[in-house]
Amino acid sequence: MIRTAGRPRRNGPWVTWTVLAVCGVVFLAGPASGLVPVYGTGPELLSAQTAHFERWGVVPRELWHGSLPALFTPLTALFVHGNWLHLLGNMLFLYVFGAMTEARMGRTDFALCYVVTGYLALLGYAAVHAHSGRTLVGASGAISGVLGAFLYLFPRARVTSLFPFLFFLPLRFPAWAVLLFWFVLQWLATGTDAGRPGVAYLAHVLGFCLGFGYAWVSRAHATTVSSRGTTPGPPAGTAGRRGLPDRRRRGLGRVKRSARSAEGDRPT
């Protein structure tokens, strides 16, 4: 996916930009980037990377059977990525779908959606694989939540996609078709999660469902609150009590008053 149609023109998506910046800085300053000489090279660098992931990532068996600080790892893991491809792939999806979702939801709701869905997605994965010692890092669960929220908020939006097997020909599809296709792929791939290193597809599925549900509940709550307010009167140009637009009624009133005045001034 390279862009969506109808990108909002409101104030900048500051939450999206902040997450992009934080994830980039954390990655560049850590051992996973391979750009910081202090972490060494070769086996020394690999050892530093392993220690880094185990400190800030989610280790399911430590989460359920470890210390209290382990409960914060589903939060810290959202800003840690394993390699350049992992980082760039996640940030691309966040950049493409995050701005419009944030503009529609508002910054506070969007930030809560990102953090809550990301945390619960990693927590759910850890619950299913409670005895696993595999370290889990990355914002994939949270970004999947953004995709789920986007699907609910913009079901008729269109996205431009590039297909390598079609010589990178750009094609436009409805967002709902692209995202549901992506969701089905993630669901089918959850069978590869058990016991093997790789992508935590179950976290993607959980995050997507949580994001869709969060957007649904958030919009339903906003609609309920607004419906309890004062009922506004008819706006200008709408039908009045005689079935005529307000401006037309006012014009007719002025004509009648002028006619009466002219009749009163006429000599008898």
Side-chain angles (χ1 to χ4, degrees), residues 19 22-23 26-27 29-34 39-40 42-91 93-94 112-149 179-214 217:
V19 173
V22 171
C23 288
V26 169
F27 181 79
S33 67
Y39 294 112
E44 186 180 3
L45 177 61
L46 292 176
S47 177
Q49 291 174 348
T50 300
H52 179 73
F53 297 147
E54 289 179 350
R55 178 180 180 182
W56 302 109
V58 178
V59 182
R61 66 186 178 195
E62 294 183 5
L63 181 63
W64 302 116
H65 309 291
S67 60
L68 184 62
L71 294 176
F72 293 96
T73 56
L75 179 61
T76 58
L78 296 179
F79 303 96
V80 180
H81 291 83
N83 52 52
W84 282 97
L85 185 61
H86 189 199
L87 172 73
L88 295 177
N90 277 345
M91 296 303 100
F93 272 85
L94 178 60
L112 287 174
C113 177
Y114 186 88
V115 172
V116 170
T117 58
Y119 186 96
L120 293 179
L122 295 178
L123 198 67
Y125 179 89
V128 173
H129 303 279
H131 302 289
S132 174
R134 169 187 170 190
T135 305
L136 188 63
V137 297
S140 300
I143 295 171
S144 298
V146 173
L147 299 184
L179 293 179
L180 287 181
F181 177 72
W182 174 88
F183 176 81
V184 170
L185 290 180
Q186 306 305 304
W187 177 264
L188 294 176
T190 55
T192 66
D193 275 346
R196 302 198 317 173
V199 180
Y201 294 104
L202 178 60
H204 297 181
V205 172
L206 292 174
F208 188 91
C209 295
L210 289 168
F212 188 93
Y214 187 98
V217 172

Any chance you could measure Glu62, atom CD, to Ser132, atom OG, to the nearest 0.5 Å?
10.5 Å

Please give me the minimum heavy-atom distance between Ala77 and Val58, naming the atom from each residue.
CB-CG2, 4.0 Å

Note, Val80 side chain near His52 side chain (heavy atom, < 4.5 Å):
yes

What closest approach, in Å, do His81 and Ala32 show between heavy atoms, and which atom pair accounts for it?
O-CB, 3.6 Å

Does any N or O in the side chain of Thr73 come within less than 3.5 Å of the main-chain N or O of Ala70, such that one atom is a donor and the other an acceptor?
yes

Using a 4.5 Å cut-off on heavy atoms from C-beta on, say whether the side chain of Tyr214 contacts that of Leu112.
yes

The reported gap from OG1 in Thr117 to CZ in Phe212 (rounded to nearest 0.5 angstrom) is 14.0 Å

Intermediate values then yes/no, side chain to side chain contact (heavy atoms under 4.5 Å, CB included), Leu206 and Leu120
CA-CA 8 Å; Leu206 292 174; Leu120 293 179; over 6 Å; no

Should Val19 and Leu78 be marked as a side chain to side chain contact (heavy atoms under 4.5 Å, CB included) after you check the CA-CA gap, both sets of side-chain angles, and the distance that decides it?
CA-CA 10 Å; Val19 173; Leu78 296 179; over 6 Å; no

Answer yes or no: is there a donor N or O on one side and an acceptor on the other, between the side chain of Thr50 and the main chain of Leu46, under 3.5 Å?
yes

Can you measure from OG1 (Thr135) to CD (Gln49) and round to the nearest 0.5 angstrom?
12.5 Å

With a 4.5 Å cut-off on side-chain heavy atoms, are Pro31 and Leu45 touching?
yes

So how far is it from Asn90 CG to Ser144 OG, rounded to the nearest 0.5 Å?
8.0 Å

Verify side chain to side chain contact (heavy atoms under 4.5 Å, CB included) between Leu94 and Tyr114, making sure each step is shown before the conclusion.
CA-CA 10 Å; Leu94 178 60; Tyr114 186 88; 4.2 Å; yes

Verify side chain to side chain contact (heavy atoms under 4.5 Å, CB included) between Val116 and Leu210, making sure each step is shown before the conclusion.
CA-CA 9 Å; Val116 170; Leu210 289 168; over 6 Å; no

Minimum heavy-atom separation for Ala203 to Ala121, with atom names?
O-CB, 3.5 Å

Atom CZ of Phe27 and atom CG of Leu87: how far apart are they, to the nearest 0.5 Å?
5.5 Å

Are the side chain of Thr76 and the backbone N or O of Trp56 linked by a donor-acceptor pair below 3.5 Å?
yes

Are any non-hydrogen side-chain atoms of Leu63 and Leu123 less than 4.5 angstrom apart?
yes

If you round to the nearest 0.5 Å, how far is CE of Met91 from NE2 of His86?
8.5 Å

Taking all atoms of both residues into account, what is the closest heavy-atom pair of Ala200 and Leu136, and its distance?
CB-CD1, 3.4 Å

So His129 and Tyr125, would you call those rings parallel, tilted or perpendicular, with 30° and 60° as cut-offs?
tilted

